[in-house]
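Everything below concerns the one structure shown next.
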Amino acid sequence: MTEPLAPQYNPSVIESALYAWWQERGVFSPDGAAARGSAGEPYVVMMPPPNVTAALHMGHGLNNTVQDVLIRFERMRGRRALWLPGTDHAGIATQNVVERLLAKEGLTRFDLGREAFVERVWAHVHDTGAAILDQLKAIGCSADWSRTYFTLDEGLSRAVREMFVSLYEEGLVCRGHYIINWCPRCLTALSNEEAEKAEVDGKLWHLRYPLADGTGYLTVATTRPETMVGDSGVAVHPDDERYRHLIGRELRLPVVDRLIPIVADAAVDPAFGSGAVKVTPAHDPADFEIGRRHHLPAIDVLTPEARISLAAPERFQGLDRYEARRRVVAEFEAAGLLERVEDHRHAVGHCYRCDTVVEPRLSDQWFVRMEPLARPALEAYRNGTLRFIPERRGDDYVQWLEGIRDWCISRQLWWGHRIPVWYCQREGCERTSVSRTDLEVCPACLGPVRQDPDVLDTWFSSWLVPFSGLGWPERTTDLATYYPGHTLVSAADILFFWVARMVMSGLHVMSEVPYTHIYLHGTVRDTQHRKMSKSLGNGIDPLEVVERYGADALRYSLVSGMSVGTDVILDPDDLEASFAPGRNFANKLWNAGRFILSNLDGPVRPLAGSGPTVVRRDELTLADRWIIARCDAAVRETTDALERFRLNEAAAAAYRFLWSDLADWYIEQIKPRLYGDLPGGDVARAVATQTFDVALRLLHPVMPFITETLWRRFPGRPAEASISLSPWPRPDARAEDPEALAEFGLVQEVVGAIRGIRAEYGVQPGQAVRAVVGRNGGAAHAGLSRERATILRLAKVSELAFGESTERVGGNAVLSDGTSVFVPLGDAIDVGRECGRLGSEVERLSKLLRAQEGKLGNPQFVTRAPTDVVEKERQKLAAWKEQCEVLVRKRELLGCS
RNA sequence: GGGCGAAUAGCUCAGCUGGUUCAGAGCGCCUGCCUUACACGCAGGAUGUCGGGGGUUCGAAUCCCUCUUCGCCCACCA
C-alpha cells in the first residue's frame with residue numbers, strides 16, 4: 001500500500017484485485033450495512049436480469065452503470081442498498097441458441113425429444129455459466145451477488161406456479177380460442193408485444209369474386225391473397241349504397257370454387273380499398289370477429305410452418321405462404337379476375353426474436369385478463385405514486401395500459417416453466433385441473449392425466465421478480481425488508497414487456513408498487529444513430545474498452561455522454577474519441593492524488609472538530625477559503641444532480657471541481673507552501689487532502705476503482721476501510737464564502753489576462769514580465785494583494801504594481817469588474833499592432849455601449865422591467881464605459897492615429 | 001393514421017423557472033511549452049444567422065404558432 005504510484009494510471013493491475021477485495025469485505029451486501037450498525041432505510045434496485053446466454057454489450061454497460069452509480073450513491077448516503085441481480089432463462093432466445101447449435105450437428109430438437117433437449121439446454125446454460133454476471137463485475141457493478149436468482153430456479157418456479165394458479169382461481173387466467181400472433185419459424189404463439197410492428201412496402205391486390213348467379217362480381221382488396229383459400233364470406237358496410245343490394249347474396253369463391261355469403265358489418269370501412277372485405281376468420285383478428293358475428297366458419301389454411309394446409313385445394317397444399325400468394329394471384333390473373341395491383345405500405349408484425357413475419361393464427365392458448373390488473377397500475381401513476389424519469393415517458397405507459405389487451409402466455413416451446421395444468425384422459429371426465437403440485441391422476445375420477453405440453457412466456461416469470469426474487473411466495477425476511485423497492489432503471493424497449501407488468505403484478509400480489517421511480521435511459525447508438533447490434537456489426541465490446549481504458553473510463557464516458565432520456569452516441573470505429581476523455585480524467589485524478597500523497601510528510605491536520613491541531617480559520621489563506629467554498633458548491637451540485645437522476649451533470653460538477661478548480665488552481669497555488677518557500681505548508685496539506693477526499697467521494701459512484709485505490713492510500717485509513725462505505729459528503733453552510741469566491745475569481749482573471757497578453761505578444765515562456773493593476777476595481781480587489789504571490793507565480797510576473805502606469809507601451813486588458821491590467825513591454829512590443837488591437841477593441845465596446853444605451857434609453861424597458869434587472873444593466877453600461885475610456889486613453893498614450 | 005421528441009461550434013452534446021454562468025463543455029483543429037503530479041499534460045487561440053419563417057414580451061437559444069428535416073412509440077383500414 002505504500003509503494004510509489006506510477007506516473008500513469010494503469011487500471012488493469014488494480015481493478016480485478018480491488019473487486020475481489022470488495023466482495024470479500026461484503027461491501028455490496030445490505031446485511032453488512034446492518035451488521036455494521038448502519039440502520040439506514042433500505043434502498044432497492046432490481047437489475048433487469050440479462051439472458052443467461054447473453055454476452056455483455058454496450059446497452060448492458062449503460063444500463064448497469066446507471067444502476068451502479070445510483071446504488072453506490074445511496075449506499076454512501078447510509079441507506080441499506082440492495083441491488084438485486086439475476087438471470088433470465090429467456091425461453092425463445094435460449095431455445096433458439098441451442099437449436100442453432102444442434103443444427104450444426106445436423107439435428108433438430110425433435111430428433112432429441114423433449115426431455116433430452118431440455119437437458120441439453122440446461123447443460124448449455126450451465127456451460128455458459130451466466131458469464132455475463134462476471135462481465136458485469138468487470139465493469140464494477142456492486143450488486144449483491146449472494147442473492148442472485150435465476151428465473152428457472154426452484155424458488156422462482158414455485159412463485160410462477162403460485163401466480164398462475166391463483167390468477168386462475170381468481171378468473172384472471174383462462175384458456176381461450178382466439179387469433180394470436182404465431183411465429184412460423186419459432187413455432188410458437190407470441191404476445192402482442194412480441195410481434196413487433198414494422199412498416200413494409202407491400203401490395204394491395206384487388207380481386208374479383210364472381211356472384212354465384214353469374215350476374216357480375218364483387219371486388220375485394222387484400223394484402224395477403226393466399227389467405228383467400230380460407231375465406232368464408234365477404235363483408236360490406238351496411239350503409240354502403242354501392243353494395244346494399246348484394247347483402248345476403250352469394251359469391252363463388254374462385255380457386256377453391258366454394259359458395260360464400262355477402263354479409264353486412266359495421267367494422268368495414270367503405271372508404272378503404274373497394275369497400276368490400278374478404279373474411280378469413282382463421283387468419284385475421286378482425287375477420288375472426290366478423291366471422292363470429294355472422295356465424296362464418298373459420299377455416300385454418302396454414303400449417304404451423306406457414307405452409308398451405310390440407311384445408312386448401314390439393315395443388316396448393318404444402319406451398320410456402322409466399323409461393324402460394326404468387327400462385328393465387330396468377331390464377332386470378334389467368335381467369336381475368338385480377339382487377340389491379342396497388343403499392344401499399346403497411347405495418348406487419350415481426351417476431352421479436354427472429355424477425356420472421358408473424359402469422360395471425362387461430363388456436364387454443366392461455367391468457368391473462370389484463371384489464372383488471374391495468375386499472376390499479378394506471379391509478380398508481382395518476383395519483384403520483386409511480387413516477388417516470390423523464391416524465392413524458394408516463395404517456396407511453398398510460399397509452400399502453402388504456403388499450404391493454406389480454407396477454408397470451410402459453411408458448412409452444414420446450415424451454416421454460418411448464419404450464420401447471422393437467423387434462424384428464426378418461427372419456428366422459430376430461431376434467432381440466434390447475435394445480436400447485438404435480439398431478440399423477442385426475443383429482444375427480446383418478447383417471448390418467450396429461451400435463452399441458454406448453455410452457456409459459458418468459459416474461460410471466462420475470463414480471464414477478466420484485467417479490468419472487470426476494471423469496472415470495474414464502475413470507476421471508478428479505479421480502480418484508482426489501483419490498484417495495486425504489487428505482488427501476490431500464491431502456492424503454494422493455495417498458496411493456498417487463499416494467500409495466502411488474503407494476504401490475506406487484507400491486508396485485510403485494511398491494512404496493514414494486515418501485516416508485518422508473519428511470520428510462522436512452523439507447524446506445526453509433527455515429528449514424530443506428531442502434532448498436534450484432535447483425536450490423538457496429539457494436540462496441542465493453543470488455544475491450546475495459547481492457548484498453550479501464551472500467552472507470554468506460555463508466556465515466558457513458559455517464560457523461562448521457563442526458564436524461566436521450567441516446568448515447570459512440571463511435572465503434574474510433575474508441576479513442578469516445579473513451580479517451582474518461583481515461584484522461586482518470587489519469588488526471590491519479591496524478592492529483594499522487595501529487596498530494598507525495599507531499600504528505602506526516603499526520604494531516606483536521607479542518608473541523610476540536611483539538612489543538614485543528615486548522616483555525618485565521619490560518620486559511622484566500623486560496624484555501626476559495627477551494628473550500630468551491631468544494632462545498634461541488635458537493636451541492638453533485639448531490640442535487642444525482643437526486644434528480646442527472647448523472648451527466650453530477651459527473652460534470654465533480655469533474656470541474658477536480659480538474660478546473662483543484663488541479664488547475666489550488667494545487668498550483670499551494671506549491672510554494674508545500675515546498676517550504678512560503679509558510680503554511682501544513683494548512684495547505686490539510687486543505688488539499690480534505691478537499692481531494694471530498695472529490696474522491698463525489699466521483700466514487702461513477703469511477704469506483706480509481707477512487708477507492710487512491711482513497712485507501714491516504715494516511716489514517718484502517719486496512720479494512722472502503723470508500724464505498726464512507727459517508728457521502730454533506731453541504732456545509734460554514735464553507736460558503738461568497739467573498740472568497742469573488743476575490744479569488746478576480747485573482748484568476750488577472751492571471752488569465754496577463755497570460756493572454758503574454759501569449760499575444762509572444763513573450764517567451766521563461767521571460768518574466770511586470771504588471772500594473774488599476775485601482776479602479778470594486779470590493780474584490782482586496783484579494784489581489786493577498787494573493788500577490790499567486791499572481792507572480794502563475795502569470796510569471798516579476799513585479800506587480802497597483803495604480804496607474806506611467807509607461808506607455810505594453811499590453812492592456814480590462815477585467816469583468818472594470819479593473820484594468822497593463823503589462824509594460826517596452827521594446828518588445830509592436831506599437832502599430834497594439835494600436836490596431838486597441839482600436840478594434842474600442843470599436844467592439846462602442847458597439848456594445850450604443851446597444852446598451854439604446855436599451856436603457858427605452859422608457860418601456862426602464863419602467864416595465866424589474867428594478868434589479870435595470871440596475872444590473874446600468875452597472876454593465878458603466879463598466880463598459882469605463883473600460884472603453886481606459887482603452888481610448890491608452891491609444892492616446894501610444895500615439896495611435 | 002394517432003401521439004411524442006429532437007434540431008445549438010467540424011463531431012458528440014449541455015444550456016433547468018425568459019434577464020452575467022448566455023452563447024458553453026469535451027473531442028478535433030491552430031500557436032507556444034518535455035514548467036520537478038500528469039504530454040492521457042500546461043498555457044493561449046479560432047470556429048455559431050442557437051434548423052427556416054412568423055408571433056408574444058421592455059427583453060427569446062429559452063414561451064406560442066408554422067414550415068422543413070431526422071428519430072421514437074402506438075395502430076386489426078383488409
Side-chain angles (χ1 to χ4, degrees), chain A residues 5 7-9 179 197 204 220-224 227 235 267-280 284-290 344 346-347 360 390 392-393 395-396 399-400 403 492-493 495-496 522-523 525 527 529 549 553 557 560-563 565-571 574 576-578 580-599 644 646 648-649 652 655-656 663-664 667-668 671 675 752 755-760 762-766 794-796 816 855 858-866 868-870 872-873 875-876:
Chain A
L5 300 174
Q8 267 197 4
Y9 174 57
I179 298 275
K197 288 293 167 77
L204 191 60
V220 299
T222 180
T223 54
R224 294 186 298 156
T227 63
V268 177
D269 175 4
F272 186 85
S274 64
V277 187
K278 60 189 271 310
V279 181
T280 322
D284 183 279
D287 290 8
F288 178 75
E289 295 301 326
I290 296 174
H344 182 61
H346 60 140
R392 62 190 152 77
R393 286 293 182 177
D395 295 345
D396 296 344
Q399 191 184 11
W400 184 71
D493 57 353
L495 176 59
F496 306 139
T523 309
R525 297 175 185 278
T527 47
H529 294 215
Y549 305 102
S557 304
S560 64
M562 177 190 83
S563 144
T566 61
D567 291 338
V568 175
I569 311 294
L570 297 171
D571 187 350
D574 189 357
E576 186 80 9
S578 301
R583 176 202 57 191
N584 296 353
F585 182 48
N587 193 239
K588 187 72 185 179
L589 189 57
W590 180 256
N591 275 287
R594 202 162 70 95
F595 176 80
I596 294 170
L597 281 168
S598 66
N599 281 288
R644 294 186 302 139
R646 295 177 176 244
N648 59 327
E649 290 179 25
Y655 179 102
R656 257 197 316 273
D664 286 350
I667 286 182
E668 290 308 322
K671 279 177 177 173
Y675 299 156
R755 281 172 174 173
I757 291 167
R758 294 178 60 107
E760 181 152 11
V763 177
Q764 291 302 323
L794 298 185
K796 193 83 187 160
S816 63
K855 194 181 209 176
N858 181 353
Q860 296 272 51
F861 174 69
V862 180
T863 52
R864 290 197 167 183
D868 60 313
V869 171
V870 176
K872 262 185 202 164
E873 296 300 321
Q875 283 170 10
K876 228 195 271 185

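So you know, we letter chains A, B, ... as the sequences are listed, proteins then strands, and number each from 1. All values below were derived from every heavy atom in this structure, side-chain atoms included, with hydrogens, water molecules and symmetry-related copies excluded.
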Query raised in the report: Is there a donor and acceptor pair, one atom on the side chain of A:Arg646 and one on the base of B:C16, closer than 3.5 Å?
Result: no
Any heavy-atom pair between the side chains of [Y] and [X] that's under 4.5 Å?
{"X": "A:Thr227", "Y": "A:Asp287", "value": "no"}
{"X": "A:Lys671", "Y": "A:Phe595", "value": "yes"}
{"X": "A:Arg583", "Y": "A:Glu576", "value": "yes"}
{"X": "A:Arg594", "Y": "A:Pro7", "value": "yes"}

Requested in this report: Any chance you could lay out the side-chain contact (heavy atoms from CB on, under 4.5 Å) test for A:Glu873 and A:Phe861, step after step, and finish with the verdict?
Outcome: CA-CA 11 Å; A:Glu873 296 300 321; A:Phe861 174 69; 3.7 Å; yes
At a cut-off of 3.5 Å, list every protein nitrogen or oxygen paired with a nitrogen or oxygen from nucleotides 35-39 of chain B, distance to 0.1 Å.
from, atom 1, to, atom 2, distance (Å)
B:A37, OP1, A:Lys671, NZ, 3.3
B:A37, OP2, A:Tyr675, OH, 3.1
B:A37, O3', A:Arg594, NH2, 3.3
B:A37, O2', A:Asn591, OD1, 2.4
B:A37, O2', A:Arg594, NE, 3.4
B:A37, O2', A:Arg594, NH2, 2.5
B:A37, N7, A:Lys671, NZ, 3.3
B:A37, N6, A:Ala663, O, 3.3
B:A37, N6, A:Glu668, OE2, 3.0
B:A37, N3, A:Asn591, O, 3.2
B:A37, N3, A:Ala592, N, 3.4
B:C38, O4', A:Asn591, OD1, 2.9
B:C38, O4', A:Asn591, ND2, 3.3
B:C38, O2', A:Asn587, OD1, 2.9
B:C38, O2, A:Lys588, NZ, 3.1
B:C38, N3, A:Lys588, NZ, 2.8

Once you round it to whole Å, what is the distance between [atom2] of [N] and [atom1] of [X]?
{"X": "A:Tyr549", "N": "B:C40", "atom1": "OH", "atom2": "C1'", "value": "11 Å"}
{"X": "A:Asp571", "N": "B:U12", "atom1": "CG", "atom2": "P", "value": "10 Å"}
{"X": "A:Asp493", "N": "B:C73", "atom1": "CG", "atom2": "P", "value": "9 Å"}
{"X": "A:Tyr655", "N": "B:C27", "atom1": "OH", "atom2": "P", "value": "6 Å"}
{"X": "A:Phe288", "N": "B:A78", "atom1": "CZ", "atom2": "C1'", "value": "17 Å"}
{"X": "A:Ile569", "N": "B:C11", "atom1": "CD1", "atom2": "C1'", "value": "11 Å"}
{"X": "A:Ile179", "N": "B:A78", "atom1": "CD1", "atom2": "C1'", "value": "13 Å"}
{"X": "A:Arg755", "N": "B:C33", "atom1": "CZ", "atom2": "C1'", "value": "13 Å"}

Just to be sure I understand the rule, does [X] reach a base, reach only the sugar-phosphate, or reach nothing, if contact means heavy atoms closer than 4.0 Å?
{"X": "A:Arg583", "value": "base"}
{"X": "A:Asp395", "value": "nothing"}
{"X": "A:Ala347", "value": "base"}
{"X": "A:Val279", "value": "nothing"}
{"X": "A:Pro360", "value": "nothing"}
{"X": "A:Ala286", "value": "base"}

Taking only the side-chain heavy atoms of [X] (C-beta and beyond), determine which of [options] contains the nearest atom.
{"X": "A:Pro581", "options": "B:C72, B:C27, B:G19", "answer": "B:C27"}
{"X": "A:Lys197", "options": "B:A78, B:C40, B:A75", "answer": "B:A75"}
{"X": "A:Val277", "options": "B:A78, B:G32, B:U12", "answer": "B:A78"}
{"X": "A:Val869", "options": "B:C72, B:C40, B:G19", "answer": "B:G19"}
{"X": "A:Ala865", "options": "B:G19, B:G5, B:A14", "answer": "B:G19"}
{"X": "A:Glu649", "options": "B:C72, B:G2, B:G15", "answer": "B:G15"}
{"X": "A:Arg392", "options": "B:A78, B:C4, B:C76", "answer": "B:C4"}
{"X": "A:Thr222", "options": "B:G41, B:C76, B:A78", "answer": "B:A78"}

Requested in this report: Assign the ring pair A:Phe272 / A:His344 to parallel, tilted or perpendicular, where the plane angle (0 to 90°) is split at 30° and 60°.
Outcome: perpendicular
Inter-nucleotide [atom1] distance ([N], [M]), Å rounded:
{"N": "B:C64", "M": "B:G26", "atom1": "P", "result": "31 Å"}
{"N": "B:G48", "M": "B:U8", "atom1": "C1'", "result": "8 Å"}
{"N": "B:A60", "M": "B:G54", "atom1": "P", "result": "13 Å"}
{"N": "B:C40", "M": "B:G28", "atom1": "P", "result": "11 Å"}

**Report entry** Earlier contact from the 5' end, RNA chain B, for A:Arg644 and A:Asp396
**Finding:** A:Arg644
Query - Toward the 5' end of RNA chain B, by each residue's nearest nucleotide, A:Ala267 or A:Ala759 - result: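 In this pair, the answer is A:Ala759.
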**Report entry** N/O (side chain, A:Thr566) to phosphate O (OP1/OP2, B:U12) under 4.0 Å
**Finding:** no
Query raised in the report: Are any of A:His346's side-chain N or O atoms less than 4.0 Å away from OP1 or OP2 of B:G1?
Result: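 Answer no for this pair, as no side-chain N or O of A:His346 is under 4.0 Å from OP1 or OP2.
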Query raised in the report: Based on Watson-Crick and G-U pairs with both distances under 3.5 Å, what dot-bracket line describes RNA chain B 5' to 3', crossing pairs as [ ] and inter-strand pairs as |?
Result: (((((((..((((.....[....)))).(((((.......))))).....(((((..]....))))))))))))....
Query raised in the report: Taking NZ, NE, NH1 and NH2 as the nitrogens, is one of them in A:Asp395 or A:Arg392 under 4.0 Å from a carboxylate oxygen of the other?
Result: no
Report task. Flag the pair A:Arg224 and A:Asp284 as a salt bridge only when some basic side-chain nitrogen lies within less than 4.0 angstrom of an acidic carboxylate oxygen. Result ->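 A:Asp284 and A:Arg224: salt-bridged.
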Report task. Please list, chain by chain and in numerical order, all residues satisfying side chain to side chain contact (heavy atoms under 4.5 Å, CB included) with A:Asp571, sequence neighbours excluded. Result ->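 Side chain to side chain contact (heavy atoms under 4.5 Å, CB included) check on A:Asp571 returns A:Thr527, A:Asp573, A:Asp574, A:Ser578.
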Query raised in the report: Rounded to the nearest 0.5 Å, what separation is found between the CG atom of A:Asn584 and the OH atom of A:Tyr549?
Result: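 One finds 9.5 Å between CG of A:Asn584 and OH of A:Tyr549.
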Report summary line: d(A:Thr280 OG1, A:Ile290 CD1) to nearest 0.5 Å is 9.5 Å
Requested in this report: Go through A:Val862 and A:Asn858 one step at a time and tell me if the side-chain contact (heavy atoms from CB on, under 4.5 Å) criterion holds.
Outcome: CA-CA 6 Å; A:Val862 180; A:Asn858 181 353; 5.9 Å; no
